[in-house]
Amino acid sequence: MQTLQTPTSLAAELRLPTNGLDYTILAIYFVVVLGIGLAARRSVKTSLDFFLSGRSLPAWITGLAFISANLAATEILGMAANSAQYGAYTVHWYWIGAIPAMVFLGLVMMPFYYGSKVRSVPEFLLLRFDKAAHLLSSILFAFAAILIAGVNLYALAIVVEALLGWPQWVAIVVAGAFVLAYITLGGLSSAIYNEVLQFFVILAALIPISYLGLKKVGGWDGLTHKLDAAHGHNFTTAWGGTGIGSANPLGANWLTIVLGLGFVLSFGYWTTNFAEVQRALSAKNLSAAQRTPLIAAYPKVFIVFLVMIPGLVAAALVPKIGTSGSDLQYNDAIPYLMQELLPNGVLGIAVTGLLAAFMAGMAANVSSFNTVFTNDIWAKYVVTDREDAYYVRFGRLITVVGVAASVGTAFLASSFSNIMSYLQTLFSFFNVPMFVVFIVGMFWKKATPKSGFWGLLAGTVTAMVNYFWIYKQGIISIPSDQGANFVSAIAGFVAGAVVMFVVSLFTQPKSAEQLQGLVYGTTSPGMTEAPAAGDDAWYRRPALLGWGAVILAALCYIPFSF
């Protein structure tokens, strides 16, 4: 067996042959980004405008922003690296680890979020449970948002250092400054419109890499032939070797994939991560809010090919990538193909696409951080009942603080050998416990206000104990970090649910009137709004869009199942 290595930075020899044309394309992109921020500034008059775009955006805008906010470090470098290391197992993060949860968010949870008129995910917990659950969730989310924004900054820095020769600290400061500028100027509207632009720039970067990579290895047949010879047949299948008790590079079996990734981690991330939900809350009405994650689900079905194919091609061209027999690590997959395949001009677009991806991910987390910190912590518990303009000014100020903190956590991220595993670890700590509190509170009327706080605390602590003590100290042998993350997620979910049930047995629930519009089976005025004219068209029916996305994802599994 080859010895795996997971260094923290890209190979130095991957310096790209960039020229003036490539830098011109990059400069034009940054000018456009700032221009969008300046244009969006004119529409910011109230705190609702700054934090939620005045709830005025159409579904196609919020849908593209929703998926673009997710196209960050995990998506570009992380998933390509996963593909180079694990092969076609990467499809699980999309077809079972994203699409069902995105559909559930649109069809089931968005009516509660949007109908209750909350400005953030933690604010919903204030309505359903109490201040203790609300404050704890706000603090945990704000902390996680800064950590994840730092991951995106760090990933950007190591790419820019390797590809363009800029020192890491210069890349971190420059990218942070641009994100700070356009969010501070135009608030969420600026972030969202830039994310729509970034979505197309990212596609323009990934499509040439995937196409030329496939051409280099003789098409799909040539690629699978090379990979089967080097890694075995299971490397190009989705479920091969995932039987319980079977060994595979992913270190997980079908049960932990389905429960840990497909249910707990994915539903925890997509349904409670405010960096994503915030885009849907900025939609102009409930129908548009529901359609936001559903519209995003369709490109999500196919984006896996644009990040998986480069990883597979890199594994075919450099069979020992990521091992002691090669100078390249798994994170080098896309930069290596950029160096080998792309001519100048196209190279500039690709570099711009990578920078756009990391900036989109950072902007999503910073904009959600400033909303939660301002509305859910500062305005609720520190400085209350001030004029609206005060909170807009404070929102801009806390954005500066958030970006500065992200710069600090970017250097923290450098201490972890695998950014993908690091991010999945954060999700198991912060998103999964919040999800169990939401799901129990939303479907069980007898869940009491006190159970929300204790369930959230128990889930978070259990996930951390499993990872740092049971896994890291070798109490129980788990084959890989990813496998440990799946187990941590399951443990956190179960612990949170059990504690909520026990606490609810001994504390007083809210009345039926207090739960109106907050529990499944009850309604609020926002959840029963009349559809706008033309909303009966098939492409505006959330249920039809949702089931279509699930069926499409299920069909995509067929070619990878044998």
Side-chain angles (χ1 to χ4, degrees), residues 29 32-33 35-37 39-40 43 52-76 79 94 98-99 101-103 105-107 110 113-114 152 179 182-183 186-207 269-271 273-307 349 352-368 537 539-542 545-546 548-549 552-553:
Y29 170 75
V32 172
V33 163
I36 291 174
S43 66
L52 285 180
S53 301
R55 294 187 187 267
S56 61
L57 301 179
W60 74 271
I61 291 286
T62 55
L64 290 180
F66 188 98
I67 193 63
S68 182
N70 180 248
L71 281 171
T74 54
E75 201 84 355
I76 308 302
M79 289 303 180
Y94 292 76
I99 302 303
M102 294 168 74
V103 171
L105 171 64
L107 297 185
M110 278 316 302
Y113 284 144
Y114 198 92
N152 285 287
V179 172
Y182 71 74
I183 294 180
L188 184 62
S189 292
S190 177
I192 285 179
Y193 283 116
N194 268 303
E195 284 160 2
V196 173
L197 168 66
Q198 288 158 347
F199 174 76
F200 292 105
V201 173
I202 291 166
L203 291 186
L206 293 178
I207 289 173
Y269 174 80
W270 290 102
T271 64
N273 184 20
F274 188 50
E276 306 290 340
V277 175
Q278 187 180 27
R279 274 74 195 144
L281 289 178
S282 66
K284 62 182 180 180
N285 55 36
L286 174 58
S287 175
Q290 285 191 277
R291 283 181 279 130
T292 293
L294 305 179
I295 290 172
Y298 285 87
K300 185 71 175 177
V301 170
F302 300 105
I303 284 173
V304 61
F305 296 109
L306 297 182
V307 294
I349 294 174
T352 303
L354 279 181
L355 297 186
F358 298 128
M359 288 173 63
M362 181 187 175
N365 283 283
V366 170
S367 61
S368 60
Y539 55 86
R540 289 179 175 168
R541 297 177 186 174
L545 283 174
L552 186 60

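One is the number of the first residue; the rest follow in order along the sequence. As the structure is a computational prediction, the values presented were derived from the model and not from experiment.
The shortest distance between side-chain heavy atoms of Arg291 and Leu545 falls below 4.5 Å. In this structure, Leu281 and Tyr113 have side chains that are in contact, with non-hydrogen atoms separated by less than 4.5 Å. Glu276 is listed as a side-chain neighbour of Asn70, based on a closest heavy-atom distance under 4.5 Å. With a 4.5 Å cut-off on side-chain heavy atoms, Phe66 and Ile295 do not count as touching. A 4.5 Å side-chain heavy-atom check between Ile76 and Leu206 finds at least one atom pair inside the cut-off. In this structure, Val304 and Met79 have side chains that are not in contact, with every pair of non-hydrogen atoms separated by 4.5 Å or more. For the pair Ile303/Ile67, a side-chain contact is recorded, criterion being any heavy-atom separation below 4.5 Å from C-beta on. Within the 4.5 Å cutoff, no side-chain heavy atoms of Trp270 are placed close to those of Ile99.
One distance of note links CD1 of Ile207 with CD1 of Ile349; it measures 11.0 Å at 0.5 Å rounding.
The closest donor-acceptor contact from the side chain of Tyr114 to the backbone of Ala283 lies under 3.5 Å. Judged purely by atom type and a 3.5 angstrom limit, Ser68 uses its side chain to pair as donor or acceptor with the backbone of Glu195. Between the Tyr298 side chain and the Ala549 main chain, a donor and an acceptor come within less than 3.5 Å of each other. Formation of a donor-acceptor pair under 3.5 Å by the Tyr94 side chain with backbone atoms of Lys300 is not found in this model.
Residues passing the side chain to side chain contact (heavy atoms under 4.5 Å, CB included) test with Phe305 are Trp95, Phe302, Met308, Ile309, Phe560, sequence neighbours excluded. Under the rule for a side chain to side chain contact (heavy atoms under 4.5 Å, CB included), the partners of Ala205 that lie at least two apart in sequence or sit in another chain are Ala350. Considering only residues two or more places apart in sequence or on other chains, Gln290 meets the side chain to side chain donor-acceptor pair (under 3.5 Å) condition with none of them.
Minimum interatomic distance between Thr62 and Ser282 (heavy atoms only, all atoms of both residues): CG2-OG, 3.5 Å. The minimum heavy-atom distance linking Gly353 with Ile202 is given by the pair O-CG1, 3.6 Å. Of all non-hydrogen atoms in Asn365 and Ser368, the two that sit nearest each other are O-OG, 2.9 Å. Residues Met110 and Ala289 come closest through the heavy atom pair CG-O, 3.7 Å.
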List the steps, then state whether side-chain hydrogen bond (donor to acceptor under 3.5 Å, both in side chains) holds for Ser367 with Arg279. CA-CA 10 Å; Ser367 61; Arg279 274 74 195 144; 3.2 Å; yes
Any chance you could lay out the side-chain contact (heavy atoms from CB on, under 4.5 Å) test for Thr271 and Val277, step after step, and finish with the verdict? CA-CA 7 Å; Thr271 64; Val277 175; over 6 Å; no
